[in-house]
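See below for the structure under consideration.
Fair warning: this is a prediction, and the values are worked out from it, not measured in the lab.
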Amino acid sequence: WGINTYKPWMSFSLAGSAIQCTKQMISERFGRGSRTVDLELEAQIDVLRDTKRKYENILRLARALTNHFYSMVQTQRALGDTFSDLSQKSPELQTISSYECVCDVQDEFGYNAETQKLLCKNGETLLGAINFFVSSINTLVNKTMEDTLMTVKMYENARLEFDAYRADLEELNMGPRDAVTLTRIDTAQQQFQIHKDKYERLRSDVTIKLKFLEENKVKVMHKQLLLFHNAISAYFAGNQQQLEQTLKQFNVKLKPPGADKPSWLEEQ
C-alpha cells in the first residue's frame, strides 16, 4: 500500500471532520448545541485580547510621536546649519552702519546655531530611548502576545472538534444497538478520546502560556515605562547628563547621528 492508497481515506476523513465541526458550529450559533466551557480560561483569553488592542494603540501613538519628533530633530539640524552658515558670512548685514551691530548679529547667529545643535543632539538621544521603547512594545504585542493567541486559536479549534465528536458519540449512544451501530459507536468513541486528549493538551498549553505572558508583560512594561518616563523628563528638563545616564542605565545603544529614523517608517 502506497501513499496514494491512503489519499481517498484521508480526504474522506478530513471532509467528515469538517462537516462535523461545521454542524457543531451552526448548532452552537443557534443555541441548539452544547459547548464545553472553561469560564476562568475564557475570561483570561478575553482579557488578553483586550490588552493586546490597548497595547496596539500605545504602539500606534508611540510610533506617531517618534515620527513627529524625528521630523522636529531634522528641522533643528537644518536650522542650526543655516544659523552657523549665517554667523560666518552675512553680506546682507553689511548695510548696517554700525560695525559693532554686524558683529553682534553674527554672534547671535552663532549662539542660536550652538543651541540648535545641542537640542538636536539631545533630541537624537531621546529618539534612541523612544525607538527602544517602540521596539520592545512591538516585540511584546506582535510576537509574544501573537504567539499566545495563535495557541489560543488552536485551542478553540480543538474545543470545537472535541464538542463535535462528543455530540456525535452522544447521538449514536441514544440510537439502536445493532451490530453496525456498535461498530460506529466504537469508532466514534476512539475519535472522541483522541480529540478530548488534544483539547486538554492545548488547554494546558494555553494556561501555561498565559501565565508566562503575564509575567513577561509585567517585567517588560515596568522597564519600558520607567525608561520612557525618565528619558522624556530629562529631555524636557534640559538635563543632558541625566538623559544620557538614563540610556546607559537601560543599556540603550545609540545609532550614528541621523540613523535613528524608525524602520517602520520605511514599511509604510
Practice problem: Answer yes or no: is there a side-chain heavy-atom contact under 4.5 Å between L140 and M221? | Solution: yes
Quiz item: Is any side-chain heavy atom of F250 less than 4.5 Å from a side-chain heavy atom of L226?
Solution: yes
Quiz prompt | Close aromatic pair by centroid cut-off 6.0 Å: Y165 and F192 | solution = no
Practice problem: Check the side chains of D178 and T181 for a donor-acceptor pair under 3.5 angstrom, ignoring hydrogens and angles. | Solution: yes
Quiz item: To the nearest 0.5 Å, what is the distance between CG (D163) and CD (E170)?
Solution: 9.0 Å
Self-check item: For the student: nearest non-hydrogen atoms of N122 and Q240, plus distance
Solution: OD1-CG, 3.2 Å
Practice problem: Would you confirm whether S135, through its side chain, and N131, through its main-chain N or O, come within 3.5 Å as a donor-acceptor pair? | Solution: no
Practice problem: Specify the closest pair of heavy atoms between V252 and G128, including all atoms of both residues, with the distance to one decimal. | Solution: CG1-O, 3.6 Å
Exercise. Could you tell me which non-hydrogen atom of I185 sits nearest to which non-hydrogen atom of L169, and how far apart they are?
Key: O-CD1, 3.9 Å
Quiz prompt | Heavy-atom check, side chain of K121 versus side chain of E244, under 4.5 Å | solution = yes
Practice problem: Indicate the atoms forming the closest heavy-atom contact of S87 with G110, along with that distance. | Solution: CB-N, 3.5 Å
Quiz item: Without hydrogens or angle criteria, can the side chains of D186 and Q190 be said to hold a donor-acceptor pair below 3.5 Å?
Solution: yes
Quiz item: Do the non-hydrogen side-chain atoms of R203 and R159 ever get within less than 4.5 Å of each other?
Solution: no
Practice problem: Report the distance from atom CG of N230 to atom CD of Q242, rounding to the nearest 0.5 Å. | Solution: 6.5 Å
Practice problem: Using the salt bridge (charged side-chain N to carboxylate O under 4.0 Å, His left out) rule, take E56 and K52 through it: C-alpha gap first, then chi angles, then the decisive distance, then the call. | Solution: CA-CA 6 Å; E56 284 172 340; K52 186 171 184 286; 2.6 Å; yes
Quiz item: Is M72 reachable from I232 through a run of hydrophobic residues whose side-chain heavy atoms are each under 4.5 Å from the next?
Solution: yes
Quiz item: With side chains defined as the heavy atoms from C-beta onward, is the minimum distance between T125 and T246 less than 4.5 Å?
Solution: no
Quiz item: Does E200 offer a backbone N or O that forms a donor-acceptor pair with the side chain of S204 under 3.5 Å?
Solution: no
Exercise. Would you give the length of the straight line joining atom CG of L127 to atom OG1 of T66, rounded to the nearest 0.5 angstrom?
Key: 7.0 Å
Quiz item: Is the closest basic N to carboxylate O distance between K54 and D50 below 4.0 Å?
Solution: yes
Practice problem: Treat each ILVMFWY residue as a node, draw an edge where side-chain heavy atoms are under 4.5 Å apart, and state whether M154 and I194 are in one component. | Solution: no
Quiz item: If Ile, Leu, Val, Met, Phe, Trp and Tyr residues are connected whenever their side-chain heavy atoms lie under 4.5 Å apart, and connections chain through other members, are F212 and V220 in the same group?
Solution: no
Quiz item: Would you say the side chain of K217 lies within less than 4.5 Å of the side chain of Y55, judging by non-hydrogen atoms?
Solution: yes
Practice problem: Output the distance between atom CG (L61) and atom CD1 (I137), rounded to the nearest 0.5 Å. | Solution: 12.0 Å
Quiz item: Of the non-hydrogen atoms in G80 and Q116, which two are nearest, and what is the gap between them?
Solution: CA-CB, 3.7 Å
Quiz prompt | Q44 vs L41 side-chain heavy atoms within contact, under 4.5 Å | solution = yes
Practice problem: With side chain to side chain contact (heavy atoms under 4.5 Å, CB included) as the test, would you mind laying out the steps for E156 and L160 before giving the verdict? | Solution: CA-CA 6 Å; E156 291 173 338; L160 183 65; over 6 Å; no
Exercise. Indicate, with yes or no, if I45 and M150 share a hydrophobic cluster defined by side-chain heavy-atom contacts under 4.5 Å among Ile, Leu, Val, Met, Phe, Trp and Tyr.
Key: no
Practice problem: May I ask you to decide if the ring planes of F69 and Y235 are parallel, tilted or perpendicular, using 30° and 60° as cut-offs? | Solution: perpendicular
Practice problem: Test side chain to side chain contact (heavy atoms under 4.5 Å, CB included) on Y155 and D205 and set out the steps. | Solution: CA-CA 8 Å; Y155 157 74; D205 290 346; over 6 Å; no
Exercise. Treating Ile, Leu, Val, Met, Phe, Trp and Tyr as nodes and any side-chain heavy-atom pair under 4.5 angstrom as an edge, say whether I58 and V47 lie in one connected cluster.
Key: no
Quiz prompt | Salt-bridge contact R49-E146 (side-chain N to carboxylate O under 4.0 Å) | solution = no
Exercise. List the steps and the verdict of salt bridge (charged side-chain N to carboxylate O under 4.0 Å, His left out) for K211 and E215.
Key: CA-CA 6 Å; K211 179 178 181 293; E215 294 174 355; 3.0 Å; yes
Quiz item: Taking the six-membered ring for Trp, is the centroid-to-centroid distance between F83 and Y111 below 6.0 Å?
Solution: no
Quiz item: Would you say the side chains of T151 and K209 form a donor-acceptor pair under 3.5 Å?
Solution: yes
Practice problem: Determine, step by step, whether N67 and R63 satisfy the side chain to side chain contact (heavy atoms under 4.5 Å, CB included) criterion, reporting the C-alpha distance in whole Å, the side-chain angles of both residues, the deciding distance to 0.1 Å, and the verdict. | Solution: CA-CA 6 Å; N67 187 12; R63 283 172 166 170; over 6 Å; no
Quiz item: Can you tell me how far the CD atom of Q191 sits from the CG atom of D168, to the nearest 0.5 Å?
Solution: 9.5 Å
Quiz item: To the nearest 0.5 Å, what is the distance between CG (L119) and OG1 (T75)?
Solution: 12.5 Å
Quiz prompt | Exam field: side chain H229 to backbone L225, donor-acceptor pair closer than 3.5 Å | solution = no
Quiz item: Are N112 and E114 side-chain neighbours, meaning at least one heavy-atom pair lies under 4.5 Å?
Solution: no
Quiz item: Which atom pair, heavy atoms only, marks the closest approach of L247 to A129?
Solution: CD1-CB, 3.8 Å
Exercise. May I ask you to check whether over 12 heavy atoms, not counting those of Q241, lie within 6.0 Å of atom CD?
Key: no
Exercise. Would you please test F162 and L202 for side chain to side chain contact (heavy atoms under 4.5 Å, CB included) and show each step?
Key: CA-CA 12 Å; F162 165 63; L202 283 166; over 6 Å; no
